[in-house]
Number of protein chains: 4
Amino acid sequence: MAMKVKDNSPPNSAARGRGRPRSDSARRAILRAARELIEENGPTALTMEGIAARAGVGKPTIYRWWPDRHSVAMAALMESESAVSSSGSNSRSPLEALQRQLRKVVALFATSMGRNVTTMIASADHDSELSKAFRNHFVLARREEGRSLLLQAVDRGEIRPDADVEIVLDMIYGALFFRLLMGHAALDDALVKQLLEEALRGLRRRQRRASK
Amino acid sequence: MAMKVKDNSPPNSAARGRGRPRSDSARRAILRAARELIEENGPTALTMEGIAARAGVGKPTIYRWWPDRHSVAMAALMESESAVSSSGSNSRSPLEALQRQLRKVVALFATSMGRNVTTMIASADHDSELSKAFRNHFVLARREEGRSLLLQAVDRGEIRPDADVEIVLDMIYGALFFRLLMGHAALDDALVKQLLEEALRGLRRRQRRASK
Amino acid sequence: MAMKVKDNSPPNSAARGRGRPRSDSARRAILRAARELIEENGPTALTMEGIAARAGVGKPTIYRWWPDRHSVAMAALMESESAVSSSGSNSRSPLEALQRQLRKVVALFATSMGRNVTTMIASADHDSELSKAFRNHFVLARREEGRSLLLQAVDRGEIRPDADVEIVLDMIYGALFFRLLMGHAALDDALVKQLLEEALRGLRRRQRRASK
Amino acid sequence: MAMKVKDNSPPNSAARGRGRPRSDSARRAILRAARELIEENGPTALTMEGIAARAGVGKPTIYRWWPDRHSVAMAALMESESAVSSSGSNSRSPLEALQRQLRKVVALFATSMGRNVTTMIASADHDSELSKAFRNHFVLARREEGRSLLLQAVDRGEIRPDADVEIVLDMIYGALFFRLLMGHAALDDALVKQLLEEALRGLRRRQRRASK
DNA sequence: GGATAATCGAGACGGTACGTCGCGTCTTCAT
DNA sequence: ATGAAGACGCGACGTACCGTCTCGATTATCC
């Protein structure tokens, strides 16, 4: 009995195996079914049997690609067209772009997706690779974009160079997450505005003069 | 802060029924067993049968008072000696007290309890009364303490009166929560210091030399 | 001058003391509830809790009189108005009376009661006193009546005196029971007629001469 | 005697499904465990969990093939080597063979098996296919054998041709069953002798040689 | 082209836990 | 000081999924 190697990289270059190759269509059907089921009933109600049934796939086929239910759910969500990429960077200034991006984040959080993602993060293994990738994909990547924009602002002299960017980022994104999780106060565009105001208070330079 | 969750406190009010009163020792045994099991294996591995077995109690007795596993877990954790109450108010200044309190929060987060609580919050119903009580007990109550301290600081003139306290609070506590959930950066006393520094930058009035 | 008694409640309040007057009414309510429940759903579906609820009685009160569910069921059925007593003694001959009685037995078996009684008998302890009483009440008492009639027939010279009455009785009543239990053939008046014919074949004396 | 009960015979016919075929060893283990437990504690004390535990089988596997406890019990008993088949028919005459067979029936009734079977019959659904099969297997099949023998006796001229065989059969087998259920009189070989005597009285033709 | 081999669907398997029902016992309060 | 109300420990119920293990059928590569 050869050791079974979990290999979930689908286009595994030169197919050396002799047998029937893995069906990528099955893989896609699985993820699609999982995504739909999550959106319909939430990630808690997701079951392997439900996925298999809807995808028209045998359960072992799912287990061939992912080790457990959680992983399938994460993979499914990560392949969503969620994007949230703040690609549209036709902003005049980094801080404006940051504000625009935060609004997108807020909009994402407002959907069921937001809560689903949060649930997944909190109930995940926290140390597994997939879990890290998941957090990175959905949250930390946003934070990275924000960092990039903040650093641009520093470069442009809009922000004081001695600002502790990491802390500021955690304050901003953490505040949004906090309101999502706690639900004690609104999570909307007005919050984004105030948040930026308060987080950057004392960090802004007088731009007119700085630009001179 | 009376926040009635449901009715799992036996001598709740009038209407002292005629039947045998509920056994408070059973109630305590259940919560104790749940607490221990959570600390041993995490809240995910908690099962009703496990609780019943360890508590020496029948399963129906548990279901008589809590609707599901999640509720038992929340109730169990809420009866822990978590405390965290920043009662020790022998601080010279509100901001120092705030720092001390934040350190306690960080210390709590660092324990397994921290992660457990987080998991519970994120996977809960979010709208149920018990869930709200839970969030309030473990997180928002800390935030309330922080608000009280911040307002004291405003009163004393240490903080500018036009500060948006709510936003500042969410930035501070949200940042801590964010690091706990994401695990992308340290969550320690140094963070507390920097966080306060950054959050209050531009809000402080007369910077005293007392800060050491 | 007798005081007007305002106690118009059913139980004869013999014992005024501090409280045991309701016992017998509770007992009757229990049996009544049990009887109704058995007729509605069969003896298998009978539950103590159902009886207590319908009778408006606490469970311990039931257990004060009967040791278990089965006993309550038996007692309930035995207090039914089933009777079946072949009281009608306006028969010209014992054998006619026997036939009439057997028809009554068949009629009883045809009701749900018949099957219920059978189920009770077969699932009972078989050795308990109550169980014996039950069998006697519902089945053996009929057989006793039949024996009496058969013996009368012998006395009158309608049946040969060397007939083995016990065996004949078991053949007759056993055949009815057998058809009830097995359901392989009809259980009706025609059967009664044929049965008597066959069971008594060879036992009959020439009645014409005997009567002369 | 093909009497399809449901579909608990694995290689039943065509329609060889695509999934993993049912494990016949599991099926046998279940029936064996059920049989043993019934013999140990009676059919009333039989539990699905007990069967599953002893058979080393999951509960759902049992429920996959039988709808309830009763059906398992019946199937288990029916697979016993009870047989009782009066195959050994080296008798000189059908009536002798009948007597021999009845003695076997009495012997079976005398074992715990007898009472168990009776309990099962009385507490069964009575209309379900399995229940009919059960009654047929354990009781009516014996009656069928008896009928065959009686008809042989008619053919040979030992029994009058106008005898109502069905009635006679019910009288004979019913009487045995009656004594088993009621327990009011002995159930032994002597009974068999008397029973045949009485049931066939008036039906026998040439009795001269029979009487010494 | 035929053999070989891995994957596919389907679904049964041994399990664990679920949430419910009813048992027979106990405890308290109102009568 | 009895009796209704009802909670208790317990045990079994029947169900939902888990993750694993056969099956026959399919689809590729290798010889």
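In what follows, chains are A, B, ... by sequence order, proteins preceding strands, each numbered from 1.
An OP1 or OP2 oxygen of E:dG11 is reached within less than 4.0 angstrom by no side-chain nitrogen or oxygen of D:W65. For the OP1/OP2 pair of F:dC13 and a distance below 4.0 Å, the side-chain nitrogens and oxygens of D:R69 include at least one atom meeting the criterion. Considering only side-chain N and O atoms, D:R20 lies nowhere under 4.0 angstrom from the phosphate OP1 or OP2 of F:dC23. Phosphate proximity of E:dC13 to D:R64: present, with a side-chain N or O under 4.0 Å from OP1 or OP2.
Rounded to whole angstrom, the span from the NE2 atom of A:H70 across to the P atom of F:dC18 amounts to 13 Å. Rounded to a whole Å, the CH2 atom of A:W66 is 18 Å from the C1' atom of F:dC18. In this structure, B:R22 atom CZ and E:dC29 atom C1' are separated by 19 Å, rounded to whole Å. Spacing between atom CG of A:D24 and atom P of F:dT27 amounts to 16 Å, rounded to whole angstrom units.
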With a 3.5 Å cut-off and sequence neighbours excluded, list the donor-acceptor pairs that the side chains of residues 37-46 of chain B form with protein atoms.
from	atom 1	to	atom 2	distance (Å)
B:E40	OE1	B:R54	NH2	3.0
B:E40	OE2	B:R54	NH1	2.9
B:E40	OE2	B:R54	NH2	3.4

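Checked against side-chain hydrogen bond (donor to acceptor under 3.5 Å, both in side chains), B:R69 has no partners two or more places apart in sequence or in another chain. Among residues two or more places apart in sequence or in another chain, the side-chain hydrogen bond (donor to acceptor under 3.5 Å, both in side chains) test is passed with A:S71 by A:D68. Legend: residues meeting side-chain hydrogen bond (donor to acceptor under 3.5 Å, both in side chains) with C:T118, ordered by chain and number and at least two apart, are absent. Residues that satisfy the side-chain hydrogen bond (donor to acceptor under 3.5 Å, both in side chains) test with C:T61, not counting sequence neighbours, are absent from this structure.
Of the residues in residues 47-63 of chain B, those with a non-hydrogen atom less than 4.0 angstrom from any atom of DNA chain F are B:G56, B:V57, B:G58, B:P60, B:T61.
For D:L46 and B:A26, each mapped to the nucleotide of DNA chain F holding its nearest heavy atom, the one lying further toward the 5' end belongs to B:A26.
With A:E79 as reference, A:R27 is the one residue of A:R27, A:R28, A:R32 to meet the salt bridge (Lys or Arg N to Asp or Glu O under 4.0 Å) rule.
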